[in-house]
Amino acid sequence: MNTTPTPEHAPRPLRPRARDLLLGLAISVLLAWVSGLLFLNSVPPLVLDPDTGQYVYPEGSHVAYRSEGWGDSLAGPHGSNGQGWAGLDAELPVVFWGDSFVQAFQVDDDRKMDAAFTRLCQESDAPCAGVGIGRFADSLADYYFKMQRYAPLLPENTTHVIVFGQLTDTLPDQGADCRSRFMQTAQGFALEERFCSPKARWEFVRSLLYRYRLSFLGKALNVAKGVRLEALRPVPNSAPASASDVKPSLDPPEQYEAAWAYLVQALADAAHGRLMIVYAPQLLPDDPDAPFPPPFRNPQAPYLEAFANVCNRYGVDFMGLYPEWHRVWSESGRTPFGFANSRPGRGHFNVLGHELVARAVFDRLFD
C-alpha cells in the first residue's frame with residue numbers, strides 16, 4: 001500500500017511562534033545588559049562646574065572602567081578623585097594635577113596616587129593629605145589655567161604636584177584640540193586657554209546610557225559606527241606616555257631652554273611658588289626598535305637634565321622617576337604600567353605605579 005503523503009497532507013515546517021521569539025529576544029537583551037554591567041565601561045555625562053568653569057563628572061557619580069585595568073571610581077567635588085577633597089583640611093594639602101594618569105579610572109579610588117599619598121601621611125603621622133584632579137588629554141598648559149581657576153577653592157598653603165609623562169608636553173605648539181595651548185608667537189611665547197563644550201546630543205545619549213546602565217548599547221554603536229559612547233568627549237583620548245617622544249638626535253636641549261623658561265616661570269607663578277613637577281615616562285615604549293630590557297639610563301636624560309636646571313632656576317622642584325622605574329624593574333621584574341587585560345608594561349599606571357609616585361612625592365616633601 002502506498003503511504004507517501006499527498007501534498008495536502010505533507011507535514012508543515014516548524015515555525016517559531018511570536019512568543020518564543022519575544023522570549024529569546026528578552027533573554028538575549030538581559031544577558032547583554034548583565035554582561036555590560038560587568039565587563040564594559042560606564043562613564044557618566046559631563047556637567048559644568050560653576051565654581052571652576054570646567055566640565056566635570058557630577059559629584060558622586062560612578063565610573064566603571066573595564067577596558068584597561070578594573071577600576072570603580074566615584075567623582076568627587078569639582079572634578080576631583082573620589083572623596084579626597086576632604087584632604088584640603090590638612091595642615092599640608094597636596095594637589096596632584098595630571099591627565100588620565102592622575103584621573104586613573106583604571107584603578108579604584110583608594111588605589112590612586114592621591115589616596116596612596118594620604119595613607120603615607122597617616123602612617124607617618126605627617127600633617128598632609130592628597131587630592132587628585134586629573135582629566136584625559138590635559139597638558140602643562142591646562143594646569144597653568146586650572147591652578148588659577150581652582151585657587152579660590154584651595155588653601156593658600158597648597159602644594160601643587162604636576163605629574164606628566166611626555167616631554168612633548170613641555171614644548172610649544174603641542175597638545176590636543178579643545179585643550180589649552182602653549183604656543184610660540186612672533187613676540188616669543190604665550191599660553192592660551194581653550195576648551196570645548198560637550199555636544200548636547202551626545203551628552204543626552206550618554207546620560208540615557210548611564211542612567212539605565214545600557215553600556216551594551218554603547219558598545220554596539222561603537223562597533224557599528226565607530227562612536228565611542230563610553231567616552232563621548234570633545235577631544236580624543238591622550239596617547240600613553242613614552243620615554244622616547246623627543247628624539248635626542250634632532251635638536252640639542254639648549255634649543256628648548258627659552259620655551260621651558262617661559263613655561264616653568266608661568267607655572268611657578270600660578271602655583272605661588274609651591275610647585276613640584278614629576279616626570280613619569282613609560283618604561284617600555286611602544287617603539288618596536290626600543291632596546292629590551294630597557295636601558296639603565298633614560299634616552300631622554302640630556303633633555304631632562306636641561307629641563308631640571310630650568311626648574312631649579314625658578315624654584316620649582318623637579319623629579320624624574322625613570323631611575324626608580326628601572327630599579328623596580330631590575331629587582332622584581334615588575335613595571336608601574338599595564339594590567340592583566342592590557343599590554344604588559346605599557347599603558348596607564350597600575351597600583352604599583354600609583355604607589356611609587358606617591359612614595360616619591362612624600363619622600364621628597366619630607367626628606
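Note that this is a predicted model, so its numbers are computed, not measured.
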S.K.: Kindly determine whether V161 and W97 satisfy side chain to side chain contact (heavy atoms under 4.5 Å, CB included), including the steps that lead there.
M.R.: CA-CA 6 Å; V161 176; W97 301 95; over 6 Å; no
S.K.: Taking the hydrophobic residues Ile, Leu, Val, Met, Phe, Trp and Tyr, and joining any pair whose side-chain heavy atoms are under 4.5 Å apart, which ones share a cluster with L22?
M.R.: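 Listed partners: none, L22 stands alone.
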S.K.: Using a 3.5 Å distance criterion without hydrogens, assess whether the side chain of S124 forms a donor-acceptor pair with backbone atoms of L120.
M.R.: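 A pair under 3.5 Å: yes.
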S.K.: Students often mix this up, so state it plainly: with edges at 30° and 60°, are the rings of F318 and Y279 parallel, tilted or perpendicular?
M.R.: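 It falls in the parallel class, under 30°.
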S.K.: Once you measure the plane-to-plane angle for F105 and Y57, does it fall in the parallel (<30°), tilted (30-60°) or perpendicular (>60°) bin?
M.R.: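 Tilted.
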S.K.: Minimum heavy-atom separation for R119 to D110, with atom names?
M.R.: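 Reported closest heavy-atom pair: NH1-O, 2.6 Å.
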S.K.: Applying side chain to side chain contact (heavy atoms under 4.5 Å, CB included), run through N350 and V107 and close with a yes or a no.
M.R.: CA-CA 7 Å; N350 52 32; V107 299; 5.5 Å; no
S.K.: At their closest point, which heavy atom of A104 faces which heavy atom of S73, and how far apart are they?
M.R.: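 What the structure gives for the nearest pair is O-OG, 4.3 Å.
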S.K.: Can you list the steps and then say if L154 with L88 is a side chain to side chain contact (heavy atoms under 4.5 Å, CB included)?
M.R.: CA-CA 7 Å; L154 305 177; L88 295 176; 3.8 Å; yes
S.K.: Do the side chains of D72 and R66 get close enough for a salt bridge, i.e. N-O under 4.0 angstrom?
M.R.: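 R66 and D72: salt-bridged.
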S.K.: Do the side chains of W260 and L171 get nearer than 4.5 Å, heavy atoms only?
M.R.: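 In short, these two side chains touch, coming nearer than 4.5 Å.
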S.K.: Would you say that L263 contacts L191 through its side chain, given a criterion of any heavy-atom pair below 4.5 Å between the two side chains?
M.R.: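 Contact flag for L263/L191 side chains = yes.
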S.K.: Nearest 0.5 Å please: distance from the OG1 atom of T118 over to the CD atom of E123.
M.R.: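 Those atoms lie 11.0 Å apart.
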S.K.: Taking the side chain as C-beta and beyond, is there a heavy-atom pair between Y210 and S42 under 4.5 Å?
M.R.: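 Yes, side chains in contact.
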S.K.: Just by modelled atom types, is the L46 backbone N or O under 3.5 Å from a matching donor or acceptor in the E203 side chain?
M.R.: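 Checking the backbone N and O of L46 against the side chain of E203, a donor-acceptor pair under 3.5 Å is found.
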S.K.: Could you measure the distance from the CD atom of E324 to the CH2 atom of W329? Nearest 0.5 Å is fine.
M.R.: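 The CH2 atom of W329 is 15.0 Å from CD of E324, to the nearest 0.5 Å.
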S.K.: In terms of relative ring orientation, are W85 and Y150 parallel, tilted or perpendicular, with 30° and 60° separating the classes?
M.R.: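 Rings of W85 and Y150: tilted, as their planes differ by 30° to 60°.
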S.K.: Could you check if a side-chain atom of V328 sits within less than 4.5 angstrom of a side-chain atom of L352, using non-hydrogen atoms only?
M.R.: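 In contact.
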S.K.: Using a 4.5 Å cut-off on heavy atoms from C-beta on, say whether the side chain of I277 contacts that of M319.
M.R.: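 Side chain of M319 against side chain of I277, heavy atoms only: no contact under 4.5 Å found.
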S.K.: Is there side-chain contact between K146 and Q54, with at least one heavy-atom pair below 4.5 Å?
M.R.: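 Heavy-atom side-chain distance check passes, below 4.5 Å.
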S.K.: Determine the interplanar angle of the Y262 and F189 rings, folded into 0 to 90°, and report it as parallel if under 30°, tilted if 30 to 60°, perpendicular if over 60°.
M.R.: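 Plane angle between 30° and 60°, so tilted.
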S.K.: Evaluate Y55 against S197 for side chain to side chain donor-acceptor pair (under 3.5 Å), listing each step before the verdict.
M.R.: CA-CA 8 Å; Y55 283 93; S197 301; 3.2 Å; yes
S.K.: If you group Ile, Leu, Val, Met, Phe, Trp and Tyr by side-chain heavy-atom gaps below 4.5 Å, do M183 and L267 land in one group?
M.R.: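 M183 and L267: separate clusters.
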S.K.: For F204, does the CZ atom have more than 12 heavy-atom neighbours from other residues, nucleotides or ligands under 6.0 Å away?
M.R.: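 Count not over threshold, so no.
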S.K.: Mind checking whether V163 and L365 sit in one hydrophobic cluster, side chains of I, L, V, M, F, W, Y counted as touching below 4.5 Å?
M.R.: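 Linked, V163 and L365 end up in one cluster.
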S.K.: Quick check for you: to the nearest 0.5 Å, what is the distance between D99 atom CG and Q166 atom CD?
M.R.: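 Here the interatomic distance stands at 7.5 Å.
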S.K.: Could you walk me through whether S139 and D169 pass the side chain to side chain donor-acceptor pair (under 3.5 Å) check?
M.R.: CA-CA 6 Å; S139 68; D169 280 357; 5.3 Å; no
S.K.: Charged N to carboxylate O below 4.0 Å: is that the case for R135 and D142?
M.R.: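 Salt bridge: yes.
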S.K.: Is the closest side-chain heavy-atom distance between T170 and F164 below 4.5 Å?
M.R.: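 Touching, per the 4.5 Å side-chain cut-off.
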S.K.: Given F349, which of F101, F96, F339 fulfils the ring-ring contact (aromatic ring centres under 6.0 Å, His included) condition?
M.R.: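 Answer to the ring-ring contact (aromatic ring centres under 6.0 Å, His included) test with F349 among F101, F96, F339: F101.
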S.K.: Centroid separation under 6.0 Å, is that true for the rings of Y303 and F307?
M.R.: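 No; Y303 has its ring centre 6.0 Å or more from that of F307.
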S.K.: Is there a side chain to side chain contact (heavy atoms under 4.5 Å, CB included) between M276 and V316 once you walk through the steps?
M.R.: CA-CA 6 Å; M276 178 188 300; V316 174; over 6 Å; no
S.K.: CD of E91 to SG of C121: how many Å apart, nearest 0.5 Å?
M.R.: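 With rounding to 0.5 Å, CD (E91) is 11.0 Å from SG (C121).
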S.K.: Can you see which heavy atom on L356 is nearest to which on P336, and at what distance?
M.R.: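 Taking every non-hydrogen atom into account, CD1-CB, 4.3 Å.
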S.K.: Would a single hydrophobic cluster contain both Y314 and M147, if residues Ile, Leu, Val, Met, Phe, Trp and Tyr are joined by side-chain heavy-atom contacts under 4.5 Å?
M.R.: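 Looking at the clustering, Y314 is in the same group as M147.
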S.K.: Between A116 and H354, what is the shortest heavy-atom contact and its length?
M.R.: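 Nearest heavy atoms, A116 then H354: CB-O, 4.4 Å.
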S.K.: Between S180 and E193, is there a side-chain heavy-atom distance shorter than 4.5 Å?
M.R.: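 Result yes, sub-4.5 Å side-chain heavy-atom pair found.
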S.K.: Going through the distances and angles, do H348 and S100 end up as a side chain to side chain donor-acceptor pair (under 3.5 Å)?
M.R.: CA-CA 8 Å; H348 289 83; S100 55; 2.8 Å; yes
S.K.: Is the backbone of Q174 close enough, under 3.5 Å, to the side chain of R181 for a donor and an acceptor to pair up by distance?
M.R.: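 Yes; judged by distance alone, with no hydrogens or angles, the pair exists.
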S.K.: Shortest non-hydrogen contact from N341 to G69?
M.R.: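 What the structure gives for the nearest pair is OD1-N, 2.8 Å.
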S.K.: Please list every donor-acceptor pair under 3.5 Å in which a side-chain atom of residues 77-84 meets a protein atom from a residue at least two apart or in another chain.
M.R.:
| residue | atom | partner | partner atom | Å |
| --- | --- | --- | --- | --- |
| H78 | ND1 | D49 | OD1 | 3.4 |
| H78 | ND1 | D49 | OD2 | 2.9 |
| S80 | OG | P77 | O | 2.8 |
| N81 | ND2 | V102 | O | 2.9 |
| N81 | ND2 | D114 | OD1 | 3.2 |

S.K.: Give a yes or no on whether a salt bridge exists between R111 and D108, defined as a side-chain N under 4.0 angstrom from a carboxylate O.
M.R.: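 A salt bridge is absent here (no side-chain N lies under 4.0 Å from a carboxylate O).
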S.K.: Assigning hydrophobic clusters by single linkage (Ile, Leu, Val, Met, Phe, Trp, Tyr; side-chain heavy-atom cutoff under 4.5 Å), is Y256 placed with L304?
M.R.: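 Cluster IDs for Y256 and L304 match.
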S.K.: Atom CH2 in W325, atom CZ in R334: separation rounded to 0.5 Å?
M.R.: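 Result: 12.0 Å between the selected atoms.
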S.K.: Which heavy atom of G87 sits nearest a heavy atom of P93, and at what distance?
M.R.: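 Closest pair (atom of G87, atom of P93, distance): O-CB, 3.9 Å.
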S.K.: Distance check, rounded to the nearest 0.5 Å: D269 atom CG versus Q148 atom CD?
M.R.: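 Output value for this atom pair is 9.0 Å.
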S.K.: Kindly indicate whether a cation-pi arrangement holds for R343 with F337, taking the cut-offs as under 6.0 Å to the six-membered ring centre and within 45° of the axis.
M.R.: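 No, cation not above the ring by the 6.0 Å, 45° rule.
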S.K.: Inspect the contact between R327 and E331 and indicate whether a charged nitrogen and a carboxylate oxygen are less than 4.0 angstrom apart.
M.R.: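 Counted as a salt bridge, because a side-chain N and a carboxylate O are separated by less than 4.0 Å.
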S.K.: Apply side chain to side chain donor-acceptor pair (under 3.5 Å) to residues H272 and E156 and explain how you reach the verdict.
M.R.: CA-CA 9 Å; H272 302 290; E156 293 184 0; over 6 Å; no
S.K.: Out of curiosity, does V95 fall in the hydrophobic cluster containing F145 (side-chain heavy atoms, cut-off under 4.5 Å, transitive links)?
M.R.: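 In one cluster with F145: V95, yes.
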S.K.: Can you pull out every salt bridge (charged side-chain N to carboxylate O under 4.0 Å, His left out) where at least one residue sits in residues 303-315? Sequence neighbours excluded, please.
M.R.: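 Every pair satisfying salt bridge (charged side-chain N to carboxylate O under 4.0 Å, His left out) with a residue in residues 303-315: R297-E305.
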